[in-house]
Amino acid sequence: MSTTSIPDDLLLRERFTDIKPPLSPQAAVIEANRCLNCFDAPCTAACPTHIDVPGFIKRISTGNLRGSALRILDANILGSSCAKACPVEVLCEGACVMHRYNSEPIQIGRLQRYAMDSFQATGEELLTAPRGSRNVQVACIGGGPASLACAAELCRHGAHAIIIERNELPGGLNTYGIAEYKLRTSDSLREAEMIRRMGVEFRTGAAIETAEALEELESEFDFLFLGVGLGAMQRMNIPGEDQKGVLNALEFIASYKTGRLKEMSGTVVVVGAGNTAIDAASAARRLGAETVYLLYRRGEREMTAFDFEYEHAKHEGVQFLWRRQPYAIRTNERGRLLLDTVQVNEVGRSLQPVEGSENVIECDYVIPAIGQSPFAQLVQDLRRIELRNGIIVVDPETGQTGNSRYFAGGDCANGGREVVDAVADGKRAARAIMKIAEAAYA
Amino acid sequence: MPDIRVHKFAGKIDAPNPFWLASGPTTNTGEQIMRAFDAGWGGVVWKTIGDPIKNASPRYSSVDLNGTRMMGLNNIELISDRSIEDNLRELGEVKKYYPYHPIIASLMVESKREAWHEIVQRTEDAGADGLELNFSCPHGMNERGMGSAVGQVPEYTEKITAWVKEKARTPVLVKLSPNVTDIRAIAAAARRGGADGLSAINTVNSIIGIDLDTLVPRPNVDGASTHGGYAGPAIKPIALNLVQQIMSDPASALPLSGMGGISSWRDAVEFILLGCSTVQVCTAAMHYGYRVVEDMAEGLENWMRTRGFATLDDFRGLSLDRVTSWNGLNLNYKVVAHIDEQKCIGCGLCQIACWDGAHQCIHSDRVTGPINGRIELHDGPPTVEFRSRTSFATTPVTRQERAAAATSHGPFPTPLAKIPRVDETECTGCNLCALVCPVDDCITTLRVTESGRPENQDQQHSVAS
Ligand SMILES: Cc1cc2nc3c(=O)[nH]c(=O)nc-3n(C[C@H](O)[C@H](O)[C@H](O)COP(=O)(O)OP(=O)(O)OC[C@H]3O[C@@H](n4cnc5c(N)ncnc54)[C@H](O)[C@@H]3O)c2cc1C
Ligand SMILES: Cc1cc2nc3c(=O)[nH]c(=O)nc-3n(C[C@H](O)[C@H](O)[C@H](O)COP(=O)(O)O)c2cc1C
Ligand code: SF4
Ligand code: SF4
């Protein structure tokens with residue numbers, strides 16, 4: 001196993017400066033003092049992991065930073081990455097009563113980051129119940145936020161949990177997917193390391209893909225948690241898609257985050273208009289691409305990306321081409337890509353090309369970002385666990401699947417939401433597992 | 001245009017307005033005082049003059065409240081560290097340039113008749129318009145038998161005031177200390193000694209706080225600290241209370257220059273409503289500079305205009321007879337709290353305050369339907385919180401989910417479920433919720449009982465006996 005961090009790349013850090021930089025100690029106290037300390041606070045209710053927001057903010061205002069961080073970690077073991085990656089505008093900060101108080105919401109995300117940074121700087125380790133004090137063995141398949149949260153919560157209750165991850169590094173999309181100006185790969189790995197020190201065992205570079213592998217796990221472990229996320233990016237299914245210069249968004253993001261792709265130039269066309277497309281387009285700009293287009297087959301009002309992500313991309317200089325669809329990719333004599341596109345109109349529920357509106361975009365990269373495909377076929381085939389549209393069906397309160405030894409959470413069970421939802425799912429599943437285990441024990 | 005001039009305070013003193021700088025660092029030198037007059041101050045009390053002392057450093061420290069600096073200021077500064085000659089020479093010079101601005105000299109010398117006679121003579125010769133006897137400095141000077149060491153004993157106060165009056169030609173004010181059991185006794189002693197007026201209050205004895213790293217209280221003078229004098233906004237309620245006590249007792253009432261925590265015209269009006277003729281300011285001017293007087297004078301004038309008061313005398317003392325003994329209160333008067341649903345932002349602070357700090361009658365039951373009655377019928381705070389913290393929340397990732405989350409749930413800006421409700425059958429009208437509510441005028445107390453005769457404790461006693 002290994003959770004060792006990849007070295008901090010200074011150039012990358014410079015290119016991807018934090019969009020929400022850390023607060024200075026005095027700014028943090030002033031901001032913390034703005035919080036009204038609501039009772040039954042709406043921010044806490046809106047947080048999928050229900051972090052006690054006024055509780056941790058109060059502790060910042062009194063200088064009890066250790067208490068503040070522990071309060072956060074108590075509800076959300078990935079409190080550090082959530083502080084940076086969460087779309088707080090539609091979560092805690094969106095719910096803040098300050099919106100109705102003629103005032104900006106409390107900067108909950110940045111305060112949370114302040115508390116977590118201070119805690120990490122002390123190097124203190126988290127206490128857990130003695131390992132194995134409860135005789136429960138759980139294997140978490142996939143090493144993303146859902147599994148990390150599940151395993152950490154199990155460990156805290158004295159169970160034994162391992163994480164099996166296909167990639168070399170743990171963290172799932174926290175490590176390989178989230179925009180570097182929000183969450184750095186090194187931060188994600190530091191968090192995984194904290195969880196390892198709590199007693200969670202990691203087996204990285206190991207994929208569970210066969211019936212034998214599953215059987216082996218079933219004989220070794222009492223419960224299995226599936227935190228496998230979603231699958232690869234969907235293909236556009238147009239001619240010319242497999243040439244050099246065409247990179248799917250997830251691979252593109254993973255390569256720049258892990259230092260395999262350090263620079264870009266020329267013109268980049270990103271296809272799609274979800275948050276992943278926006279992240280890819282913004283990253284292309286920061287890596288040096290002069291012109292970045294985001295091509296979407298529907299209009300501005302239909303795009304699924306969060307409003308603030310859209311604003312951010314415009315700010316980065318990304319240009320938007322609405323109601324346009326690619327239908328082929330060619331190359332010209334100078335080796336540049338030619339993306340054939342056509343204007344489309346919505347007729348009923350389908351999109352109709354507009355005659356005569358064909359247009360060729362000469363570019364250097366095409367980055368399709370049109371959604372991840374579901375990935376959980378394996379367990380359906382092997383263990384008859386019910387899927388709906390490729391998503392594992394679970395009891396939302398417990399994360400339990402139709403097969404009572406199997407639990408699932410995160411993107412593979414919620415259809416693809418955010419890091420904090422994955423953490424909430426993992427935590428809930430861990431608590432449900434402990435409950436069953438305790439009942440069986442008693 | 002309302003007239004805010006002061007006429008014949010303590011018999012003789014006129015001033016362009018009632019805002020005076022109190023004896024302290026802002027009135028240390030002639031140069032400062034001329035700038036203060038230019039800024040708009042109506043008078044000054046010179047930094048206490050006496051045999052020069054040597055000061056400690058540092059000598060100030062403060063209480064900050066939720067990020068607001070100097071909510072209270074503590075000092076261990078003594079009287080003027082400049083020679084009597086320098087002070088009096090400058091006093092005379094300022095007087096030449098500002099003949100219509102009263103300069104009161106604050107004085108403190110040894111408790112000897114000759115010493116007081118001499119300083120009074122010299123000060124008045126220099127041109128002072130009045131004298132303020134500093135019997136109230138609570139630190140340092142009292143250890144040398146001066147300041148509050150005098151002002152805490154009625155006999156000393158009376159005697160020294162009488163010595164001064166033997167000599168003085170200008171009005172004599174005695175500055176009182178709050179650090180006594182009954183300020184009226186000291187005020188009455190000053191009055192018996194012949195004082196023409198009073199100044200109240202000086203600073204309140206204090207230890208402002210302790211540094212949790214060094215474990216030494218602040219200010220830390222080479223590893224030790226000492227008792228200081230507390231001033232600033234924090235002490236205003238103490239000052240108002242003492243001013244009211246002095247002015248409502250015929251044996252102690254005298255023309256009064258009020259002070260203690262005044263930092264705006266509103267504070268000043270309150271002191272005047274309790275009978276003060278002038279007000280003095282120290283900490284607010286130390287914090288923001290002489291310019292604080294601008295808004296004080298304008299604000300006072302504008303308030304007088306809207307209230308239809310032509311002169312300060314028109315409203316001086318109007319609130320005095322609105323203070324009664326507790327036993328004089330009408331116990332048949334009853335109010336209950338009312339929440340304005342249109343204004344409520346849903347912070348829940350009234351609810352938790354009522355449950356933990358009052359009478360358990362604010363509930364979040366507007367959606368489930370109101371139930372009036374005793375505590376047992378309602379969900380307490382732990383249940384309410386538990387419900388939210390075990391609820392299912394997810395990030396709204398699609399447009400539809402976000403639209404659904406954004407639509408308000410009810411007729412008010414805040415979702416109905418988050419607007420608490422006051423159970424009027426149980427509300428005692430204590431007022432706590434209205435105090436904690438962050439929104440102005442959102443929680444008001446409404447009168448519910450109009451029952452014929454007022455009834456108070458005094459009447460109950462007379463009925464019983
Ligand atoms: C480009 C992009 C940007 C995003 N930005 C944000 C953001 O800013 N903020 C936010 O909150 N969320 C963001 N998200 C969403 C967030 O990353 C996911 O919701 C979250 O990571 C889901 O966690 P998970 O544990 O369910 O899955 P993942 O993070 O996908 O982790 C699943 C892990 O399982 C491993 N795995 C899969 N199958 C196997 C197998 N058979 N054997 C072993 N291992 C396996 C995978 O390698 C992967 O590491 C973003 C997503 C993307 C794609
Ligand atoms: C730093 C400082 C020094 C003071 N020095 C004197 C003084 O020499 N003589 C005196 O009578 N009062 C002195 N005082 C008391 C003030 O005149 C005044 O009574 C007290 O500060 C309350 O008013 P405030 O709340 O406006 O500051 C001093 C106060 C402060 C803060
Ligand atoms: S809603 Fe806003 S003000 Fe209220 S506790 Fe939460 S952060 Fe503080
Ligand atoms: S304190 Fe005021 S704003 Fe807050 S919930 Fe109560 S009534 Fe509403």
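Remember, predicted model here, so these are calculated numbers, not experimental data. Every heavy atom of this structure was used, including side-chain atoms; hydrogens, water molecules and symmetry mates were not. Protein chains get the first letters and strands the later ones, always in sequence-line order, with residue 1 at the start of each.
Of the two parts of Ala46(A), only the backbone, made up of N, CA, C and O, holds a non-hydrogen atom closer than 4.5 Å to a non-hydrogen atom of chain B. Both the backbone and the side chain of Ser391(B) come within less than 4.5 Å of a heavy atom of chain A. Heavy atoms of Leu91(A) lying under 4.5 Å from chain B belong exclusively to its side chain. At a 4.5 Å heavy-atom cutoff, the contact between Cys47(A) and chain B is made by backbone atoms alone. Using a 4.5 Å cut-off between heavy atoms, Ala305(A) contacts chain B through its backbone alone, with no side-chain atom that close. Heavy-atom distances place the side chain of Arg428(A), and not its backbone, under 4.5 Å from chain B. Using a 4.5 Å cut-off between heavy atoms, Arg389(B) contacts chain A through both its backbone and its side chain.
Taking CZ of Arg100(A) as the reference point, atom NZ of Lys418(B) lies at 9.0 Å (rounded to 0.5 Å). Within the model, atoms CZ of Arg417(A) and OG1 of Thr398(B) stand 7.0 Å from one another, a figure rounded to the nearest 0.5 Å. Rounding to the nearest 0.5 Å gives a distance of 5.0 Å between CZ of Phe39(A) and CD of Glu385(B). Note that NE2 of His50(A) is 7.0 Å distant from OG1 of Thr390(B), once rounded to the nearest 0.5 Å.
Between Glu89(A) and Arg402(B), no side-chain nitrogen of the basic residue sits less than 4.0 Å from a carboxylate oxygen of the acidic one, so the salt-bridge criterion is not met.
Other residues, nucleotides and ligands contribute only 12 or fewer heavy atoms inside 6.0 Å of the CZ atom of Phe386(B). Summarising the local packing, CZ of Arg266(B) is surrounded by 12 or fewer heavy atoms from other residues, nucleotides or ligands at distances under 6.0 Å. Counting non-hydrogen atoms of other residues, nucleotides and ligands closer than 6.0 Å to NZ of Lys435(A) gives a total of 12 or fewer. Atom NZ of Lys236(B) is surrounded by more than 12 heavy atoms from other residues, nucleotides or ligands within 6.0 Å. In this structure, His227(B) places its NE2 atom where only 12 or fewer heavy-atom neighbours from other residues, nucleotides or ligands lie under 6.0 Å away. For Gln26(A), the CD atom is loosely surrounded, since the number of other residues' heavy atoms within 6.0 Å does not exceed 12. Within a 6.0 Å sphere centred on CD of Glu346(A), heavy atoms belonging to other residues, nucleotides or ligands number more than 12.
A heavy-atom distance below 4.5 Å is not found between the side chains of Val90(A) and Val397(B).
Side-chain polar atoms of Thr395(B) and Asp421(A) form a donor-acceptor pair below 3.5 angstrom. For the residue pair Arg399(B)/Thr304(A), the side-chain donor-acceptor check at 3.5 Å is not satisfied.
In this structure, Cys38(A) and Leu349(B) approach most closely via the heavy-atom pair CA-CD2, 4.3 Å. Contact record, Leu36(A) with Cys347(B): CD1-CB, 4.5 Å, taken as the closest heavy-atom pair. In this structure, Ala393(B) and Ala45(A) approach most closely via the heavy-atom pair CB-O, 3.5 Å.
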Next on the checklist: Using the rule given for side chain to side chain contact (heavy atoms under 4.5 Å, CB included), can you reason through Ile352(B) versus Asp40(A), listing the C-alpha separation, both sets of side-chain angles and the distance that settles it, and then say yes or no?
Outcome noted: CA-CA 9 Å; Ile352(B) 193 67; Asp40(A) 190 22; over 6 Å; no
